[in-house]
Amino acid sequence: MHYWLMKSEPDAFSIDDLAKRKHQTEHWDGVRNYQVRNMIRDVMHQGDHAFFYHSSCPEPGIVGVIQVVSSPYPDFSAFDPENNHFDPKSTPDKPRWYMVDVKLVRKFDRIIGLQTLKQHKTLSRMPVIMRGNRLSITPVTAIEWKFILKLADQPLK
DNA sequence: GCCAACGTTGGC
DNA sequence: GCCAACGTTGGC
């Protein structure tokens, strides 16, 4: 069982978009980075939980929790020439890119902002708070996971 | 295999 | 819109 943090630009796909999908479930396509591909394909499992992170937006931060509800399978958006993430080197016979389906578990009452994440020493090793981090999916430790959930449920002063 | 050029990400 | 960081590409 693993924990993850999954980034998405809310302009492209937000947690509210996920909430509107059938069964509040959608495939997480578009990963085109080998490190991330390898984690999806080789480490990620059905049942894993992940934080949904909004990036490149007015208020970047963690906005909720999602769950991996499929095994990894070939990212078919790579096969479609009309798709932004089309990759002619990936074919159904020899897929290069993989994805999973994710389901909404909960949306936080408030965003756990990047600034908040940076304030806590417990979270100082999370890649997401480091400048220049380019991985759209990163592992989260059990300690970080619990700590962030506590933050999310802490009453506001 | 090196590395410069280029493209993308993402915070600000 | 700027720019730092870093991945990818391609010439050699």
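Order of the sequence lines sets the chain letters (A, B, ...), proteins ahead of strands, with each chain counted from 1.
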Could you run down the sub-3.5 Å N/O contacts of the protein with nucleotides 1-3 of chain C?
none

Output for pair (A/Ile143 CD1, A/Ile148 CD1), nearest 0.5 Å, gives 12.0 Å

Distances for protein N/O vs nucleotides 6-9 of chain B N/O pairs under 3.5 angstrom?
from  : atom 1 : to       : atom 2 : distance (Å)
B/dG7 : N2     : A/Arg134 : NH2    : 3.2
B/dT8 : O2     : A/Arg134 : NH1    : 3.0
B/dT8 : O2     : A/Arg134 : NH2    : 2.6

Please answer whether the main-chain N or O of A/Gly30 pairs with a side-chain N or O of A/Asp75 as donor and acceptor at a distance below 3.5 Å.
yes

Side chains of A/Val65 and A/His49: closer than 4.5 Å at any heavy-atom pair?
yes

Could you tell me how far apart A/Asp11 (CG) and B/dG11 (P) are, to the nearest whole angstrom?
13 Å

In whole Å, I'd like the distance from the CD atom of A/Gln35 to the C1' atom of C/dA5.
14 Å

Considering the options A/Asn133, A/Thr138, A/Val36, which one meets the side chain to side chain contact (heavy atoms under 4.5 Å, CB included) requirement together with A/Lys7?
A/Asn133

Side chains of A/Val102 and A/Val100, heavy atoms from C-beta outward: is any pair under 4.5 Å?
yes

Out of the candidates A/Trp97, A/Tyr73, A/Phe52, A/Tyr98, only one should pair with A/Trp28 under the ring-ring contact (aromatic ring centres under 6.0 Å, His included) rule; please name it.
A/Phe52

Under 3.5 Å, side chain of A/Glu26 to main-chain N/O of A/Leu18, donor-acceptor pair present?
no

At under 4.0 Å between heavy atoms, what does A/Glu59 touch on the DNA or RNA strands: base, sugar-phosphate, or nothing?
nothing

In terms of the angle between their ring planes, are A/Phe51 and A/Trp145 parallel, tilted or perpendicular, with boundaries placed at 30° and 60°?
parallel

